[in-house]
Amino acid sequence: MNTKKALGLAAAAGLLLGPATAIPASAAPGDEKEPKPPAVMSDVGGKQLARPGTQVNPGAGAPEVPGKLTARSWIVSDAESGEILAAHNAHWKLAPASTLKMLFADTLLPKFGKTQEHKVTRSELAEVQPGSSLVGIKEGLSYTVHDLWLGVFLRSGNDAVHVLTEMNGGKQRTVDDMQAKADDLGAADTVVKEPDGYDAKGQSSSAYDLTLFARQGMKNPDFREYASTPSAKFPGEKKKGKRKTFEIQNTNRLLTGDYDLDVYKGIAGIKNGNTTEAGATFTGVAERDGKVLLVTMMHPKGGHNQVYQETAKLFDWGFKAAGTVQPVGKLVPPKSERQDAKGSAEGNQAGGAKGSASGSDESGKSGRDGGGITTALSITAGSLALLALIALLVKRRWPLPDIARRGRPAGAIEQQAGHEGEPEDKGDGHAEGSVDALGGDRGEVAAEKKLE
């Protein structure tokens, strides 16, 4: 029996063993140099998530997890309940690329009003690293915060990230703020070094953490707007006293389509990334028949659009599997929300206890049975209030944007016409090629593309 057939039979047998199924990660012949996940990882969200390999708990009628997935790590979760339907090396610490911008947005979006204007200085753009993806911000020109966030989400513009970073007090403060936010969200696999996600020694995240960032972001209506916008007009330079604009298109190709890829039905964002170290990364949210799913994928093999093709397969599986699989884990709610919930419940308990004490006095005067039962019920009610409030915070429905869900939107840009593609990577630390300005008055954005 050949190795491939043996592995296939072993995986099939594993699916028949019972509800707690793990499909081990096995290197195919010729993949000996492919890095392997740690034998034991974080168990945040559930002990099953600490195991390497694919984790799924199939019930009767459950569809099989898609075969031939090449990503080092992925996760499929119910965005509202937080239940994780299946995962593969969920807590493997990997380079995040520009998907780290979701955490950047979670951290900085609440700090600035959308209509606030900012005039860009040379120093704010001086630290943009070579090969970065750019939206085309120019020193000496003013942009609204809304403009800057469109640049961050649609074009993954590191120039926009650097301007917002300086507005926030600089790189170190922003890194510290992002790290604190990651800690609050329960993202223990994440170490922030560069706010824009540019490759840096020691920087890491995981499919689990990136999903937390996306889920948190989708609670914010501005985040939802930016993440779901397929294209927008962006302010360019002044000519003859008039400010010109040019079109920018979202680099999330499940949202915009490509010459070999249709828009995914039900897609509503969120963020993609690509660097030499991270490969392709992506977190997306989609809705179908009232069910909202999040899929995160990190470092698949293959070339152009592989990350989107594999993500689409997992979305398809997740919508079919919902209700037929038992969760393998949970997306934890933010610590701050858990503390708020606990505080509210403690307040209810204290109020109930106080009320029961006074009620006991009055019951003595009036001849009613008092004290003990009332106090016990008050405490029980407080505990139930805590659980109910936590459940409300975890299962919070978002009004997802009504975006193009009927296939390829009008005006989708072909790769040949300037759609940011996956240029051939020569392994020198940069992805070859330039980022087109998409019809603007600037020609091409300078330099090679390091990040999407």
Side-chain angles (χ1 to χ4, degrees), residues 96-105 107-109 111-112 114 116-175 178 192-200 203 226-227 229 231-238 243-252 271-275 418-420 423 429-431 433-452:
S98 282
T99 45
L100 193 65
K101 289 183 171 80
M102 294 187 294
L103 176 61
F104 179 77
T107 306
L108 266 64
L109 262 175
K111 295 191 176 189
F112 309 108
K114 294 170 68 172
Q116 179 180 338
E117 289 199 9
H118 178 79
K119 188 174 183 178
V120 175
T121 66
R122 174 173 294 187
S123 62
E124 290 172 337
L125 300 175
E127 299 301 319
V128 177
Q129 301 192 65
S132 290
S133 55
L134 307 170
V135 67
I137 290 173
K138 299 293 185 180
E139 63 178 277
L141 296 180
S142 294
Y143 300 84
T144 65
V145 167
H146 183 264
D147 294 331
L148 295 172
W149 283 115
L150 285 174
V152 171
F153 276 86
L154 273 67
R155 297 305 298 170
S156 206
N158 287 4
D159 46 358
V161 169
H162 277 253
V163 172
L164 288 164
T165 295
E166 291 305 312
M167 290 173 64
N168 188 53
K171 176 180 173 179
Q172 190 55 56
R173 177 175 176 179
T174 300
V175 166
M178 290 173 67
V192 181
K193 299 292 184 180
E194 295 289 341
D196 54 18
Y198 196 98
D199 286 340
Q203 183 162 265
Y226 300 130
T229 300
S231 63
K233 296 294 184 181
F234 195 81
E237 298 185 73
K238 288 184 178 180
R243 190 84 179 264
K244 300 289 186 178
T245 63
F246 58 92
E247 183 177 293
I248 57 174
Q249 186 172 28
N250 203 313
T251 55
N252 171 3
K271 191 71 191 76
N272 57 309
N274 198 318
T275 69
H419 190 116
E420 191 175 50
H430 302 284
S434 57
V435 182
D436 191 60
L438 301 178
D441 58 336
R442 301 174 292 109
E444 290 189 340
V445 178
E448 304 160 313
K449 181 175 75 65
K450 172 74 173 181
L451 285 168
E452 283 186 345

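- In this structure a side-chain-to-backbone donor-acceptor pair under 3.5 Å is missing from R155 to I248.
- For the residue pair H118 and E124, a side-chain donor N or O sits within less than 3.5 Å of a side-chain acceptor on the partner.
- Side-chain atoms of N250 and K271 form no donor-acceptor pair, as typed in the model, at a separation below 3.5 Å.
- In terms of modelled atom types and a separation under 3.5 Å, the side chain of D159 and the main chain of I137 share a donor-acceptor contact.
- With respect to R243 and E237, no salt bridge is recorded, no charged nitrogen being found less than 4.0 Å from a carboxylate O.
- G197 and T275 make their closest contact through O-CG2, 4.4 Å (heavy atoms, listed as atom of the first residue, atom of the second, distance).
- By the side chain to side chain donor-acceptor pair (under 3.5 Å) test, K119 pairs with no residue at all, sequence neighbours left out.
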Run the side chain to side chain contact (heavy atoms under 4.5 Å, CB included) test on F104 and V192 for me, step by step, so that the C-alpha distance in whole Å, both residues' side-chain angles and the decisive distance to 0.1 Å come before the verdict.
CA-CA 10 Å; F104 179 77; V192 181; over 6 Å; no
Could you please spell out the steps behind the side chain to side chain donor-acceptor pair (under 3.5 Å) verdict for T174 and K171?
CA-CA 5 Å; T174 300; K171 176 180 173 179; over 6 Å; no
Start with the C-alpha distance between T99 and M102, add both sets of side-chain angles, then the distance that settles side chain to side chain contact (heavy atoms under 4.5 Å, CB included), and finish with yes or no.
CA-CA 6 Å; T99 45; M102 294 187 294; 4.1 Å; yes
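- Taking the six-membered ring where the residue is Trp, Y226 and W149 present parallel rings, their angle staying beneath 30° rather than reaching 60°.
- Side chains of V175 and K193 form no contact here, defined as non-hydrogen atoms less than 4.5 Å apart.
- Formation of a donor-acceptor pair under 3.5 Å by the Y198 side chain with backbone atoms of P130 is found in this model.
- When every heavy atom of E139 is checked against every heavy atom of L125, the shortest pair comes out as N-CD1, 3.9 Å.
- Taking the side chain as every heavy atom from C-beta outward, V135 and F234 approach each other to under 4.5 Å.
- Counting only distance, with no hydrogens or angles, the side chain of T107 and the backbone of L103 share a donor-acceptor pair below 3.5 Å.
- Residues that satisfy the side-chain contact (heavy atoms from CB on, under 4.5 Å) test with E117, not counting sequence neighbours, are S142, T144.
- Across every non-hydrogen atom of A160 and L148, the tightest pair is CB-O, 3.4 Å.
- N168 and K111 are linked by a side-chain donor-acceptor pair at a separation below 3.5 angstrom, with hydrogens and angles left out of the test.
- Residues T251 and S156 bring no donor and acceptor atom of their side chains to less than 3.5 Å of each other.
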